[in-house]
Amino acid sequence: MRLIPAVALLASLLAIAGCIPVRDADRPIATHLVRSEQAATRLVVVLPGRADDLDALRGSGMAESIQGAWPDADVLLAELTLSYYMQGRAPERLHSEVIAPARERGAYREVWLVGASMGGMGVLLYDRLHPGEMDGLVLLAPYLGDRGLLRDIGDAGGIARWDAGPKQDVNADTWQREIWRHIQGWSRNPQQADRVWLAYGDRDRLRKAMPLLIPALPKDQVLVREGGHAWTVWSPAIGEVLRRADAKRGR
């Protein structure tokens, strides 16, 4: 997924200004493992938002909330920052450097992938590349693309009626459309959609895109909570999502 030069330049300027963390994408993705205090049977991998690094993930409360709901879960925080998306191989590298090695190290019966904002976009890109591999996906106020495409989907009558056109390779011009094609597949395959949960705040700056995504998901797997685009919304929500997921499966 190669970003066009104008977007890459903008991202660089924002990074220089201190708005987003700068990372050398030629280096391995940095991770931090928060081990369960008991024998771990599940793994939850967490991806950051655009303005977050590994320290921000540590301080977000996500690991504590996840393990409060699932005491048997290891939590792996992965610093998949904007630099890796700009390089064009974020989902491939997430698989080879983070998820596949983690599976080899631990005998987990379930592996879940969680992402907030830009990280939610990363979850979608990963599931598109490795469909059905994750036991669960949690999208926390995910970035879902530009207004023009969202408007086209809305004008078509929603994701079920929207015509995605011929399938294409993912690049700077096509990645948003291909993500929505993947979401459309969930609307046509309830078994795949059953793995996906969505949570966001009622004042979130990305909330206007969510009604386009919601019809592709089970109604009881969408949580809207008070608040904006922040970890103070997402961290409590992830605990609620995981408890609901267990209750729904009778665990």
Side-chain angles (χ1 to χ4, degrees), residues 20-21 23 28-82 84 90-91 93-95 97-124 126-127 133-143 195-201 204 221 223 225-247 249 251:
I20 58 175
R23 293 292 179 268
I29 299 167
T31 61
H32 176 70
L33 179 63
V34 183
R35 293 188 182 276
S36 167
E37 293 184 357
Q38 62 189 61
T41 65
R42 297 187 271 200
L43 175 70
V44 181
V45 180
V46 182
L47 306 183
R50 186 183 66 173
D52 301 310
D53 57 11
L54 204 54
D55 287 339
L57 285 177
R58 289 191 188 102
S60 68
M62 288 291 287
E64 294 83 355
S65 187
I66 290 168
Q67 292 180 334
W70 285 359
D72 63 329
D74 282 346
V75 179
L76 187 59
L77 309 176
E79 196 179 55
L80 194 71
T81 57
L82 182 61
Y84 296 95
R93 291 189 60 180
L94 177 62
H95 178 77
E97 297 178 25
V98 178
I99 292 176
R103 284 185 181 275
E104 293 173 2
R105 287 193 302 266
Y108 301 113
R109 61 179 172 84
E110 291 184 28
V111 180
W112 283 53
L113 184 59
V114 177
S117 191
M118 181 186 73
M121 176 191 75
V123 171
L124 291 167
Y126 186 88
D127 194 60
E133 179 188 303
M134 293 289 111
D135 295 285
L137 307 173
V138 184
L139 307 172
L140 302 171
Y143 175 68
R195 303 173 303 121
V196 187
W197 294 74
L198 171 67
Y200 62 96
D204 193 288
Q221 292 181 195
L223 285 69
R225 295 295 176 261
E226 184 178 356
H229 197 74
W231 291 108
T232 52
V233 176
W234 305 329
S235 294
I238 187 63
E240 187 175 355
V241 164
L242 300 181
R243 284 188 288 271
R244 284 192 180 196
D246 270 0
R249 294 178 295 180
R251 292 178 179 168

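Values reported hereafter were calculated over all heavy atoms of this structure, with side chains retained and with hydrogens, waters and symmetry mates removed.
Annotation: side chain to side chain donor-acceptor pair (under 3.5 Å) contacts of Glu64 (sequence neighbours excluded): none. Under the salt bridge (Lys or Arg N to Asp or Glu O under 4.0 Å) criterion, Arg42 pairs with Asp72, Asp246, not counting sequence neighbours. Applying the side chain to side chain donor-acceptor pair (under 3.5 Å) criterion to Arg35, with sequence neighbours excluded, gives no partner residue. Among residues two or more places apart in sequence or in another chain, the side chain to side chain donor-acceptor pair (under 3.5 Å) test is passed with Trp197 by none. With sequence neighbours left out, the salt bridge (Lys or Arg N to Asp or Glu O under 4.0 Å) criterion links Asp74 to no other residue. Residues forming a side chain to side chain donor-acceptor pair (under 3.5 Å) with Gln67 (at least two apart in sequence, or on another chain): none. Annotation: salt bridge (Lys or Arg N to Asp or Glu O under 4.0 Å) contacts of Arg244 (sequence neighbours excluded): Glu240.
Atom CG of Asp53 sits about 13.0 Å away from atom CG of Leu82, to the nearest 0.5 Å. Here CZ of Arg225 is found 14.0 Å from OG1 of Thr232. Values are rounded to the nearest 0.5 Å. Rounding to the nearest 0.5 Å gives a distance of 7.5 Å between OH of Tyr108 and CG of Leu76. Distance CE/Met118 to CG/Leu47: 8.5 Å, rounded to 0.5 Å.
Under the 4.5 Å side-chain criterion, counting only non-hydrogen atoms from C-beta, Leu57 is not in contact with Glu79. Here the side chains of Met62 and Val75 are not in contact, with every heavy-atom distance at 4.5 Å or above. No side-chain heavy atom of Val44 sits under 4.5 Å from any side-chain heavy atom of Ile238. Between Asp204 and Val233, the closest side-chain pair of non-hydrogen atoms is not below 4.5 Å. Side-chain contact between Ser117 and His229 is present, with at least one heavy-atom pair separated by less than 4.5 Å. Side-chain atoms of Ile66 and Val46, non-hydrogen and from C-beta on, do get closer than 4.5 Å to each other.
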request  = Might you work through the side-chain contact (heavy atoms from CB on, under 4.5 Å) test for Asp127 and Val196, ending with a clear yes or no?
outcome  = CA-CA 10 Å; Asp127 194 60; Val196 187; 5.8 Å; no
request  = Could you please spell out the steps behind the side-chain contact (heavy atoms from CB on, under 4.5 Å) verdict for Met134 and Ile99?
outcome  = CA-CA 10 Å; Met134 293 289 111; Ile99 292 176; 3.7 Å; yes
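The two residues Ala69 and Leu242 have their closest heavy-atom pair at CB-CB, 4.0 Å. Closest heavy-atom contact between Pro71 and Ser36: O-OG, 2.5 Å. Ala237 and Leu223 get closest at one heavy-atom pair: O-CD2, 4.4 Å. The shortest heavy-atom contact between Thr31 and Val98 is CG2-CG2, 4.0 Å. When every heavy atom of Ala78 is checked against every heavy atom of Val45, the shortest pair comes out as CB-CG1, 4.4 Å.
Among residues at least two apart or in separate chains, ring-ring contact (aromatic ring centres under 6.0 Å, His included) pairs with a member in residues 46-70 are Trp70-Trp112. For the salt bridge (Lys or Arg N to Asp or Glu O under 4.0 Å) condition, no pair includes a residue of residues 227-239, sequence neighbours left out. Residue pairs meeting the ring-ring contact (aromatic ring centres under 6.0 Å, His included) criterion with at least one member in residues 37-58, sequence neighbours excluded, do not occur.
At least one donor-acceptor pair under 3.5 Å links the side chain of Ser235 to the backbone N or O of Trp231.
Around atom CD of Gln38, more than 12 heavy atoms belonging to other residues, nucleotides or ligands sit under 6.0 Å away.
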Would you tabulate the side-chain donor-acceptor contacts of residues 135-143 under 3.5 Å, counting partners in other chains and residues two or more places apart, or write 'none'?
residue: Asp135; atom: OD2; partner: Val111; partner atom: N; Å: 2.8
residue: Tyr143; atom: OH; partner: Asp146; partner atom: OD1; Å: 2.8

Quiz: residues 100-107 side-chain donor-acceptor pairs under 3.5 angstrom, not counting sequence neighbours:
residue: Arg103; atom: NH2; partner: Glu133; partner atom: O; Å: 3.2

